[in-house]
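Have a look at the structure below, then the notes.
Side chains included, hydrogens not; waters and symmetry mates left out as well; all remaining heavy atoms used. Just so we're on the same page: letters track the sequence lines, and every chain starts at 1.
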Amino acid sequence: RKEVEQDPGPFNVPEGATVAFNCTYSNSASQSFFWYRQDCRKEPKLLMSVYSSGNEDGRFTAQLNRASQYISLLIRDSKLSDSATYLCVVGSGWGQNFVFGPGTRLSVLP
Amino acid sequence: EPEVTQTPSHQVTQMGQEVILRCVPISNHLYFYWYRQILGQKVEFLVSFYNNEISEKSEIFDDQFSVERPDGSNFTLKIRSTKLEDSAMYFCASRDRGQETQYFGPGTRLLVL
(Lines give C-alpha, C1' and ligand atoms only; values in the text may rest on other atoms or scores of the structure.)
Protein backbone atom coordinates (compact mmCIF):
# COMPACT_ATOMS: atom_id res chain seq x y z
CA ARG A 1 0.00 0.00 0.00
CA LYS A 2 1.34 3.44 -0.95
CA GLU A 3 2.17 5.65 2.02
CA VAL A 4 0.35 8.77 0.84
CA GLU A 5 -2.28 8.62 -1.86
CA GLN A 6 -4.07 11.45 -3.63
CA ASP A 7 -6.72 11.93 -6.29
CA PRO A 8 -4.98 11.16 -9.59
CA GLY A 9 -6.20 14.28 -11.40
CA PRO A 10 -5.75 16.40 -13.34
CA PHE A 11 -8.57 18.72 -12.36
CA ASN A 12 -9.61 21.28 -14.95
CA VAL A 13 -12.02 23.83 -13.51
CA PRO A 14 -13.33 27.24 -14.55
CA GLU A 15 -12.39 30.37 -12.63
CA GLY A 16 -14.57 30.81 -9.59
CA ALA A 17 -15.20 27.10 -9.10
CA THR A 18 -14.80 25.26 -5.83
CA VAL A 19 -12.44 22.32 -5.96
CA ALA A 20 -11.71 19.63 -3.37
CA PHE A 21 -8.59 17.50 -3.02
CA ASN A 22 -8.47 14.25 -1.07
CA CYS A 23 -5.55 12.46 0.48
CA THR A 24 -5.10 9.34 2.59
CA TYR A 25 -2.03 8.17 4.48
CA SER A 26 -1.09 4.74 5.75
CA ASN A 27 1.19 5.43 8.72
CA SER A 28 -1.01 5.93 11.78
CA ALA A 29 2.02 7.23 13.72
CA SER A 30 2.32 10.26 11.45
CA GLN A 31 2.50 13.46 13.40
CA SER A 32 2.33 16.42 11.06
CA PHE A 33 0.30 17.14 7.97
CA PHE A 34 0.57 19.73 5.26
CA TRP A 35 -0.54 20.84 1.86
CA TYR A 36 2.23 22.16 -0.34
CA ARG A 37 1.87 23.48 -3.85
CA GLN A 38 4.40 22.93 -6.60
CA ASP A 39 4.58 24.92 -9.78
CA CYS A 40 6.14 23.31 -12.83
CA ARG A 41 9.85 22.58 -12.25
CA LYS A 42 9.86 24.56 -9.00
CA GLU A 43 10.27 23.65 -5.36
CA PRO A 44 7.35 22.68 -3.10
CA LYS A 45 6.00 25.70 -1.24
CA LEU A 46 3.95 25.49 1.93
CA LEU A 47 0.30 26.22 1.39
CA MET A 48 -0.93 25.36 4.86
CA SER A 49 -0.47 23.06 7.80
CA VAL A 50 -3.41 20.78 8.61
CA TYR A 51 -4.85 20.22 12.07
CA SER A 52 -7.58 17.99 13.44
CA SER A 53 -9.60 21.07 14.33
CA GLY A 54 -9.46 22.15 10.71
CA ASN A 55 -7.99 25.39 9.53
CA GLU A 56 -8.87 28.06 7.06
CA ASP A 57 -6.75 30.62 5.27
CA GLY A 58 -8.78 32.86 3.02
CA ARG A 59 -10.16 30.74 0.20
CA PHE A 60 -8.38 27.61 1.42
CA THR A 61 -9.72 25.18 4.02
CA ALA A 62 -7.92 22.06 5.20
CA GLN A 63 -9.23 19.21 7.33
CA LEU A 64 -7.61 16.24 9.02
CA ASN A 65 -9.39 13.12 10.18
CA ARG A 66 -6.90 11.05 12.15
CA ALA A 67 -9.32 8.16 12.70
CA SER A 68 -9.75 7.57 9.00
CA GLN A 69 -6.26 8.85 8.12
CA TYR A 70 -7.72 11.30 5.65
CA ILE A 71 -6.74 14.85 4.74
CA SER A 72 -8.64 17.26 2.53
CA LEU A 73 -8.13 20.65 0.93
CA LEU A 74 -10.91 22.86 -0.36
CA ILE A 75 -10.27 25.83 -2.62
CA ARG A 76 -13.15 28.24 -3.06
CA ASP A 77 -13.51 30.85 -5.80
CA SER A 78 -10.51 29.45 -7.67
CA LYS A 79 -8.19 31.85 -9.49
CA LEU A 80 -5.98 31.34 -12.53
CA SER A 81 -2.99 31.64 -10.19
CA ASP A 82 -4.17 28.57 -8.26
CA SER A 83 -3.07 26.41 -11.19
CA ALA A 84 -0.36 24.13 -9.80
CA THR A 85 0.20 20.64 -8.46
CA TYR A 86 -1.08 20.20 -4.91
CA LEU A 87 1.01 17.91 -2.74
CA CYS A 88 -0.29 16.15 0.35
CA VAL A 89 2.63 15.81 2.76
CA VAL A 90 2.88 13.81 5.97
CA GLY A 91 5.66 14.10 8.55
CA SER A 92 6.80 10.97 10.34
CA GLY A 93 9.54 9.79 12.61
CA TRP A 94 11.85 11.59 14.96
CA GLY A 95 13.18 13.90 12.29
CA GLN A 96 9.73 14.57 10.87
CA ASN A 97 10.88 13.36 7.48
CA PHE A 98 8.32 14.22 4.89
CA VAL A 99 6.46 11.63 2.87
CA PHE A 100 4.94 13.16 -0.21
CA GLY A 101 1.89 12.10 -2.13
CA PRO A 102 2.14 11.97 -5.91
CA GLY A 103 0.29 15.29 -6.21
CA THR A 104 -2.88 16.35 -7.95
CA ARG A 105 -2.56 18.81 -10.79
CA LEU A 106 -5.06 21.66 -10.97
CA SER A 107 -5.65 23.83 -14.00
CA VAL A 108 -7.97 26.79 -13.53
CA LEU A 109 -9.31 27.88 -16.89
CA PRO A 110 -10.47 31.39 -17.86
CA GLU B 1 12.12 36.72 4.11
CA PRO B 2 14.91 34.21 4.74
CA GLU B 3 15.11 31.38 2.24
CA VAL B 4 17.03 28.23 1.46
CA THR B 5 19.45 28.61 -1.44
CA GLN B 6 21.01 25.92 -3.60
CA THR B 7 23.85 25.83 -6.11
CA PRO B 8 24.24 25.06 -8.90
CA SER B 9 20.77 25.38 -10.38
CA HIS B 10 21.70 22.89 -13.11
CA GLN B 11 24.48 20.31 -13.35
CA VAL B 12 25.31 18.01 -16.23
CA THR B 13 27.78 15.23 -15.57
CA GLN B 14 29.06 12.03 -17.09
CA MET B 15 28.12 8.67 -15.58
CA GLY B 16 30.68 7.63 -12.97
CA GLN B 17 31.68 11.18 -12.07
CA GLU B 18 31.35 12.66 -8.60
CA VAL B 19 29.03 15.59 -8.00
CA ILE B 20 28.56 17.85 -5.01
CA LEU B 21 25.30 19.70 -4.57
CA ARG B 22 25.36 22.65 -2.22
CA CYS B 23 22.72 24.16 0.01
CA VAL B 24 22.61 27.08 2.41
CA PRO B 25 19.76 26.44 4.85
CA ILE B 26 17.91 29.24 6.64
CA SER B 27 20.41 30.58 9.16
CA ASN B 28 18.81 29.69 12.50
CA HIS B 29 17.45 26.32 11.40
CA LEU B 30 18.82 23.16 12.96
CA TYR B 31 17.33 20.32 10.91
CA PHE B 32 18.37 19.74 7.31
CA TYR B 33 17.06 17.45 4.63
CA TRP B 34 17.69 16.30 1.09
CA TYR B 35 14.92 15.11 -1.18
CA ARG B 36 14.89 14.20 -4.84
CA GLN B 37 12.25 14.25 -7.54
CA ILE B 38 12.71 12.26 -10.72
CA LEU B 39 10.95 13.94 -13.63
CA GLY B 40 7.25 13.17 -13.55
CA GLN B 41 7.43 11.39 -10.20
CA LYS B 42 6.80 12.30 -6.58
CA VAL B 43 9.23 13.95 -4.21
CA GLU B 44 11.21 11.32 -2.25
CA PHE B 45 13.05 11.65 1.06
CA LEU B 46 16.78 10.92 0.96
CA VAL B 47 18.30 11.92 4.29
CA SER B 48 17.85 14.07 7.37
CA PHE B 49 20.67 15.69 9.35
CA TYR B 50 20.78 17.15 12.85
CA ASN B 51 23.55 18.02 15.26
CA ASN B 52 26.22 17.18 12.69
CA GLU B 53 25.06 13.69 12.03
CA ILE B 54 22.59 11.78 9.93
CA SER B 55 19.27 11.29 11.75
CA GLU B 56 17.60 9.07 9.21
CA LYS B 57 18.12 7.93 5.64
CA SER B 58 16.01 6.19 3.05
CA GLU B 59 16.78 3.12 0.96
CA ILE B 60 17.75 5.42 -1.88
CA PHE B 61 20.58 6.91 0.20
CA ASP B 62 23.11 4.12 -0.35
CA ASP B 63 26.90 4.14 -0.02
CA GLN B 64 27.24 6.33 -3.10
CA PHE B 65 25.65 9.23 -1.21
CA SER B 66 27.06 11.29 1.63
CA VAL B 67 26.18 14.53 3.34
CA GLU B 68 28.29 17.05 5.15
CA ARG B 69 28.02 20.33 6.93
CA PRO B 70 31.54 21.61 6.29
CA ASP B 71 31.02 24.98 7.98
CA GLY B 72 28.33 26.92 9.79
CA SER B 73 26.30 27.68 6.72
CA ASN B 74 26.68 25.07 3.98
CA PHE B 75 25.07 21.65 3.75
CA THR B 76 26.23 19.43 0.90
CA LEU B 77 25.12 16.25 -0.81
CA LYS B 78 27.80 14.25 -2.58
CA ILE B 79 27.16 11.49 -5.08
CA ARG B 80 30.41 9.57 -5.49
CA SER B 81 29.88 7.78 -8.78
CA THR B 82 26.78 8.98 -10.57
CA LYS B 83 24.44 6.65 -12.42
CA LEU B 84 21.95 7.48 -15.15
CA GLU B 85 19.11 6.93 -12.68
CA ASP B 86 20.48 9.66 -10.41
CA SER B 87 19.15 12.22 -12.90
CA ALA B 88 16.57 14.18 -10.94
CA MET B 89 15.83 17.44 -9.21
CA TYR B 90 17.46 17.53 -5.78
CA PHE B 91 15.84 19.70 -3.13
CA CYS B 92 17.38 20.80 0.13
CA ALA B 93 15.08 21.72 3.02
CA SER B 94 15.48 23.03 6.53
CA ARG B 95 13.35 23.57 9.59
CA ASP B 96 13.69 25.25 12.94
CA ARG B 97 13.58 23.55 16.33
CA GLY B 98 10.02 23.29 17.60
CA GLN B 99 8.59 23.87 14.14
CA GLU B 100 7.18 21.23 11.82
CA THR B 101 7.25 23.13 8.55
CA GLN B 102 10.15 22.49 6.21
CA TYR B 103 11.26 25.18 3.78
CA PHE B 104 12.60 24.05 0.44
CA GLY B 105 15.33 25.46 -1.72
CA PRO B 106 14.82 25.99 -5.46
CA GLY B 107 16.54 22.72 -6.28
CA THR B 108 19.45 21.53 -8.40
CA ARG B 109 18.55 19.78 -11.63
CA LEU B 110 21.09 16.99 -12.15
CA LEU B 111 21.44 15.30 -15.51
CA VAL B 112 23.70 12.26 -15.77
CA LEU B 113 24.74 11.32 -19.30
Quick check: closest heavy atoms across Q102(B) and N97(A), and the distance to 0.1 Å?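 Heavy atoms of Q102(B) and N97(A) come nearest at NE2-CA, 4.4 Å.
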
Nearest non-hydrogen partners of G101(A) and K42(B), listed with the distance: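 Closest approach of G101(A) to K42(B), heavy atoms only: O-CB, 3.8 Å.
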
Parallel, tilted or perpendicular: which one describes the rings of Y35(B) and F98(A), with boundaries at 30° and 60°?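 The arrangement is tilted - the two ring planes meet at 30° to 60°.
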
State the [atom1]-[atom2] distance between [X] and [Y], to the nearest 0.5 angstrom.
| X | Y | atom1 | atom2 | answer |
| --- | --- | --- | --- | --- |
| F34(A) | E100(B) | CZ | CD | 5.0 Å |
| S32(A) | Q99(B) | OG | CD | 11.5 Å |
| M48(A) | T101(B) | CE | OG1 | 11.5 Å |

For a side-chain contact (heavy atoms from CB on, under 4.5 Å) check, start with the C-alpha distance between L39(B) and R41(A), then their side-chain angles and the critical distance, and finish with the verdict. CA-CA 9 Å; L39(B) 188 64; R41(A) 296 177 176 261; 4.2 Å; yes

Spell out, yes or no, whether [X] and [Y] are grouped together once hydrophobic residues are joined by side-chain heavy atoms under 4.5 Å, including indirect joins.
| X | Y | value |
| --- | --- | --- |
| V47(B) | V99(A) | no |
| Y90(B) | V89(A) | no |
| I38(B) | Y36(A) | no |
| F21(A) | L64(A) | yes |
| I54(B) | F32(B) | yes |

Please check if the number of heavy atoms outside R105(A) that lie under 6.0 Å from its CZ is greater than 12.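 For R105(A), atom CZ is not crowded (no more than 12 foreign heavy atoms under 6.0 Å).
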
Give a yes or no on this: more than 12 heavy atoms of other residues, nucleotides or ligands lie within 6.0 Å of atom CG of D63(B).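 12 or below, so no.
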
Which atoms of F104(B) come close to chain A, meaning under 4.5 Å heavy atom to heavy atom: side chain ones, backbone ones, both, or neither?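 Interface part for F104(B): both.
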
Where does Q37(B) contact chain A at under 4.5 Å (heavy atoms): side chain, backbone, both or neither?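 Q37(B) touches chain A through side-chain heavy atoms alone.
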
